[in-house]
Novice: 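Pasting a structure here, questions to come.
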Amino acid sequence: MKKLFSYLFFIAVSSNIYAQPTSSPIDKKATKETKALYKNLRSLMSKGIMFGHQDDPAYGVNWKYQPGRSDIKDITGDYPALYGFELGRIELDHTLNLDSVPFDSARRYIEQAYARGGVITISWHLNNPLNGEVAWAPEPGRAVASVLPGREKNTLYKSWLDKVATFVLSLKGKNGEPIPVIFRPFHELNGNWFWWGKDHCTPQEFEQLWHLTVSYLKDKKNIHQILYAFSTDKFSSKEEYLAKYPGDEWVDIIGFDSYQRKGGAEGNADYIKAMDTMLTMLDEIAVEKNKIPALTEFGYSEIPDSTWWTNVLYKAIGHHKISYMLAWRNAGYKSPTETEYYVPYKGQASEKNFIKFYQMPNILFQKNINYKMIYQTVPLSPSKYKLNK
């Protein structure tokens, strides 16, 4: 019955997906694996939504750096389809990122995930280049402007991009091919908590920052294994979403971040409504601009609702066409009284409901995809899909 439902779901939506104009990455020199990833991110939308988790193979609740382990795998026997990693502190030449994951370990996890056919996305909470403090220490009206061409921190910022480039270029598959990654810089730009945020730069300055970053990595450093993702925080209108959009020729993927902050029936209803509204707008923008839509970050801290996955999250997203969704990290016990996790672990209240969510025919995990499906050069045709659910 699940296979029949999944097949009917595929038939119902595939005609709309394949009717979209053909497109390719903004980098015309993209590697063949990167082109394949781009095309298959789009074509796989007719099968469902890939589920991702930040730092999934690195640590979880009550464990750290155990080879092959994952909180998701502990529960489902399966890995996520998409893996998020972080580059914050690479600009400072640290050996550990801001979440204390060694960069050497992150590289190994990325290579292992790629070999399985997993998709890699990378964020970068880079320090404020003007005051030397963390990303959450803005300098209103100054920090973004300071790194633009001809300004006082431009050389410093480009040296930071050199370090990002070195890491990305070090990511290799078993045959020495560059591993494709989705790079998501300057996320949540319509909020005010980061130095690149809403009130800390003009739309023109943000666009220049984006253009500088992409062109430097692509043209100066000759990196052709990156897809570029534009990602806001929650938004109330298409105009707000696009206020600092850097242009179609500079973006491959569009998305937003959305967390549930309020509990109870009212909080659940509010989250479903808000998520559905934003995804509807994102759907429209993606069609208008011919971009790949995604839910670039989401979560409900400690998941206190035991049925949240199917009764809240799935109700909000299940009928939308997005490529992937990334749950935030399971940092675990940060202190004796403070925990942080966004997917369940063994024994957590929502564990059983997460398994039901995992079994939904249009929610995709690692078993539903493989290397050939993601990194082959020709997008899959309907007859080649294997409905593993």
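Only heavy atoms go into these numbers, but all of them, side chains included; no hydrogens, no water, no symmetry mates.
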Novice: Are the side chains of Gln225 and Val168 in touch, meaning some heavy atoms are under 4.5 Å apart?
Specialist: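 Gln225 reaches Val168 side chain to side chain.
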Novice: Ring centres under 6.0 Å, that's the criterion: do Tyr358 and Phe365 meet it?
Specialist: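 For Tyr358 and Phe365, the ring centres are under 6.0 Å apart.
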Novice: What pairs with Trp160 under ring-ring contact (aromatic ring centres under 6.0 Å, His included), at least two apart in sequence or on another chain?
Specialist: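 Trp160 satisfies ring-ring contact (aromatic ring centres under 6.0 Å, His included) with no other residue.
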Novice: Give me each pair satisfying salt bridge (charged side-chain N to carboxylate O under 4.0 Å, His left out) with a member in residues 295-315, each pair once, sequence neighbours excluded.
Specialist: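 Only Arg184-Glu297 qualify under salt bridge (charged side-chain N to carboxylate O under 4.0 Å, His left out).
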Novice: Is there a ring-ring contact (aromatic ring centres under 6.0 Å, His included) between Tyr109 and Tyr65? Walk through the geometry before answering.
Specialist: CA-CA 10 Å; Tyr109 297 138; Tyr65 311 134; 7.0 Å; no
Novice: Out of curiosity, Tyr341 OH to Gln348 CD, how far, rounded to the nearest 0.5 Å?
Specialist: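 That separation rounds to 4.5 Å.
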Novice: Step through it carefully: locate the ring centre of Phe167, locate the ring centre of Phe85, and say whether they are under 6.0 Å apart.
Specialist: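 Centroid separation for Phe167 and Phe85: 6.0 Å or greater.
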Novice: Report yes if some heavy atom in the side chain of Leu44 is under 4.5 Å from a heavy atom in the side chain of Ile369; otherwise report no.
Specialist: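 Yes; the side chains approach each other to less than 4.5 Å.
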Novice: Residues in salt bridge (Lys or Arg N to Asp or Glu O under 4.0 Å) with Glu266, at least two apart?
Specialist: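 In terms of salt bridge (Lys or Arg N to Asp or Glu O under 4.0 Å), with neighbours along the sequence ignored, Glu266 is linked to Lys262.
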Novice: State, without any angle test, whether His319 and Asp276 hold a side-chain donor-acceptor pair at a distance under 3.5 Å.
Specialist: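 Their side chains do contain a donor-acceptor pair, which is all the 3.5 Å distance test asks for.
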Novice: To the nearest 0.5 Å, how far apart are CH2 in Trp328 and CG in Asp257?
Specialist: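 That separation rounds to 8.0 Å.
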Novice: Got a sec, which residues hit salt bridge (Lys or Arg N to Asp or Glu O under 4.0 Å) with Glu284, two or more places apart in sequence or on another chain?
Specialist: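 Per chain and number, Glu284 pairs via salt bridge (Lys or Arg N to Asp or Glu O under 4.0 Å) with Lys238.
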Novice: Provide the closest heavy-atom pair for Gly132 versus Asn127 in the form atom of the first, atom of the second, distance.
Specialist: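 Between these two residues, the closest heavy atoms are O-ND2, 3.4 Å.
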Novice: For Val181, which of Leu37, Ile120, Ile223 qualifies under side chain to side chain contact (heavy atoms under 4.5 Å, CB included)?
Specialist: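 When Leu37, Ile120, Ile223 are each tested with Val181, the side chain to side chain contact (heavy atoms under 4.5 Å, CB included) holds only for Ile120.
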Novice: Are Lys291 and Tyr245 packed together at the side-chain level, in the sense that at least one heavy-atom pair is separated by less than 4.5 angstrom?
Specialist: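 Lys291 reaches Tyr245 side chain to side chain.
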Novice: Tell me which donor-acceptor pairs under 3.5 Å the side chains of residues 135-142 have, and how far apart each pair is, sequence neighbours excluded?
Specialist:
{"from": "Glu139", "atom 1": "OE1", "to": "Arg142", "atom 2": "NH1", "distance (Å)": "3.1"}
{"from": "Glu139", "atom 1": "OE2", "to": "Asn131", "atom 2": "ND2", "distance (Å)": "3.3"}

Novice: Please determine whether side-chain hydrogen bond (donor to acceptor under 3.5 Å, both in side chains) holds for the pair Arg107 and Ser170, giving the CA-CA distance in whole Å, both sets of side-chain angles, and the decisive distance to 0.1 Å.
Specialist: CA-CA 8 Å; Arg107 182 183 298 106; Ser170 75; 2.8 Å; yes
Novice: I'd like to check the side chain to side chain donor-acceptor pair (under 3.5 Å) partners of Tyr83; sequence neighbours left out, ordered by chain and number.
Specialist: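 Result, side chain to side chain donor-acceptor pair (under 3.5 Å) vs Tyr83: Arg116, Gln366.
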Novice: Specify the closest pair of heavy atoms between Leu212 and Pro149, including all atoms of both residues, with the distance to one decimal.
Specialist: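 That closest heavy-atom pairing would be CD2-CD, 4.5 Å.
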Novice: Listing request: all ring-ring contact (aromatic ring centres under 6.0 Å, His included) pairs with a residue in residues 249-270, at least two apart in sequence or in separate chains.
Specialist: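 Every ring-ring contact (aromatic ring centres under 6.0 Å, His included) pair that includes a residue of residues 249-270, provided the two are not neighbours, is His211-Trp250, Phe235-Phe256, Tyr259-Tyr342.
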Novice: Within a 6.0 Å radius of atom NZ on Lys218, are there more than 12 heavy atoms belonging to other residues, nucleotides or ligands?
Specialist: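 More than 12 heavy atoms, drawn from other residues, nucleotides or ligands, come within 6.0 Å of this atom.
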Novice: Any chance NZ of Lys234 has more than 12 other-residue heavy atoms, nucleotides or ligands included, within less than 6.0 Å?
Specialist: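 It does not: Lys234 NZ has 12 such atoms or fewer within range.
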Novice: Going by the rule salt bridge (Lys or Arg N to Asp or Glu O under 4.0 Å), which residues pair with Asp74 if we only count those two or more places apart in sequence or in a different chain?
Specialist: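 If we apply the salt bridge (Lys or Arg N to Asp or Glu O under 4.0 Å) test to Asp74, skipping adjacent residues, the hits are Arg69.
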Novice: Which heavy atom of Leu189 sits nearest to which heavy atom of Ser231, and what is that distance?
Specialist: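 Shortest heavy-atom contact: CD2-O, 3.4 Å.
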Novice: Quick one: closest heavy-atom pair of Trp210 and Pro185, and the distance?
Specialist: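 The pair with the smallest heavy-atom distance is CZ3-O, 3.5 Å.
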Novice: Counting only heavy atoms not in Lys174, do more than 12 fall under 6.0 Å of its NZ?
Specialist: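 Count not over threshold, so no.
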Novice: Do His125 and Phe194 have ring centroids that are under 6.0 Å from one another?
Specialist: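 Between His125 and Phe194, which both carry aromatic rings, the centre distance is below 6.0 Å.
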Novice: Using a strict 4.0 Å threshold on nitrogen-to-oxygen distance, state whether Arg329 and Glu340 make a salt bridge.
Specialist: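 Salt bridge present between Arg329 and Glu340.
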Novice: Ignoring hydrogens and geometry, is there a side-chain-to-backbone donor-acceptor pair from Asn353 to Ser350 under 3.5 Å?
Specialist: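 Such a contact is absent between Asn353 side chain and Ser350 backbone.
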Novice: In the structure I gave you, are the side-chain heavy atoms of Trp195 and Pro129 within less than 4.5 Å of one another anywhere?
Specialist: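 A side-chain contact under 4.5 Å exists here.
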Novice: Under a 4.0 Å threshold between the charged nitrogen and the carboxylate oxygen, would Asp78 count as salt-bridged to Lys367?
Specialist: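 Salt bridge: no.
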Novice: Hey, is the main chain of Ser100 close enough, under 3.5 Å, to the side chain of Asn97 for a donor-acceptor pair?
Specialist: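 Present.
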Novice: Give a yes or no answer on whether the side chain of Asn190 reaches the backbone of Gly197 with a donor-acceptor pair at less than 3.5 Å.
Specialist: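 Pair absent, no side-chain N/O of Asn190 close to backbone of Gly197.
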Novice: Go through the structure and list residues passing ring-ring contact (aromatic ring centres under 6.0 Å, His included) with His224, not counting sequence neighbours.
Specialist: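 With neighbours one apart ignored, the set is empty.
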Novice: Which class fits the ring pair Trp308 and Tyr300: parallel under 30°, tilted 30 to 60°, perpendicular over 60°?
Specialist: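 The rings of Trp308 and Tyr300 sit tilted, inter-plane angle from 30° to 60°.
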Novice: Listing request: all salt bridge (charged side-chain N to carboxylate O under 4.0 Å, His left out) pairs with a residue in residues 147-162, at least two apart in sequence or in separate chains.
Specialist: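 The answer is Asp162-Lys221.
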Novice: One thing to verify: whether Glu351 and Lys346 come together as a salt bridge, which I'm taking to mean a side-chain N less than 4.0 angstrom from a carboxylate O.
Specialist: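 Salt bridge flag = yes for Glu351 with Lys346.
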Novice: Indicate whether the side chain of Tyr114 and that of Glu177 have a donor and an acceptor atom separated by less than 3.5 Å.
Specialist: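 Yes.
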Novice: Under a 4.5 Å cut-off applied to non-hydrogen side-chain atoms, are Tyr38 and Ile253 in contact?
Specialist: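 A side-chain contact is absent here, since even the closest heavy-atom pair is not under 4.5 Å.
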Novice: Which residues pass the salt bridge (Lys or Arg N to Asp or Glu O under 4.0 Å) test with Asp283, sequence neighbours left out?
Specialist: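 For Asp283 there are no salt bridge (Lys or Arg N to Asp or Glu O under 4.0 Å) partners, ignoring immediate neighbours.
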Novice: Do Glu86 and Val101 come within less than 4.5 Å of each other through their side chains, counting heavy atoms only?
Specialist: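 The answer is no, as the side chains (C-beta and beyond) never meet within the 4.5 Å cut-off.
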Novice: Indicate yes or no: at least one non-hydrogen side-chain atom of Leu156 is less than 4.5 angstrom from one of Val147.
Specialist: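 Not touching, per the 4.5 Å side-chain cut-off.
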Novice: For Phe186, check ring-ring contact (aromatic ring centres under 6.0 Å, His included) against everything at least two apart and list the hits.
Specialist: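 Phe186 satisfies ring-ring contact (aromatic ring centres under 6.0 Å, His included) with Trp196 only.
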Novice: Can you tell me how far the CD1 atom of Ile355 sits from the OG1 atom of Thr76, to the nearest 0.5 Å?
Specialist: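 Separation between the atoms: 7.5 Å.
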Novice: Do NZ/NE/NH1/NH2 and the carboxylate oxygens of Asp93 and Lys163 come within less than 4.0 Å?
Specialist: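 Lys163 and Asp93: salt-bridged.
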Novice: Of the options Asp56, Thr121, Thr296, which is the one that meets Leu326 in a side chain to side chain contact (heavy atoms under 4.5 Å, CB included)?
Specialist: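 Among the candidates, only Thr121 passes.
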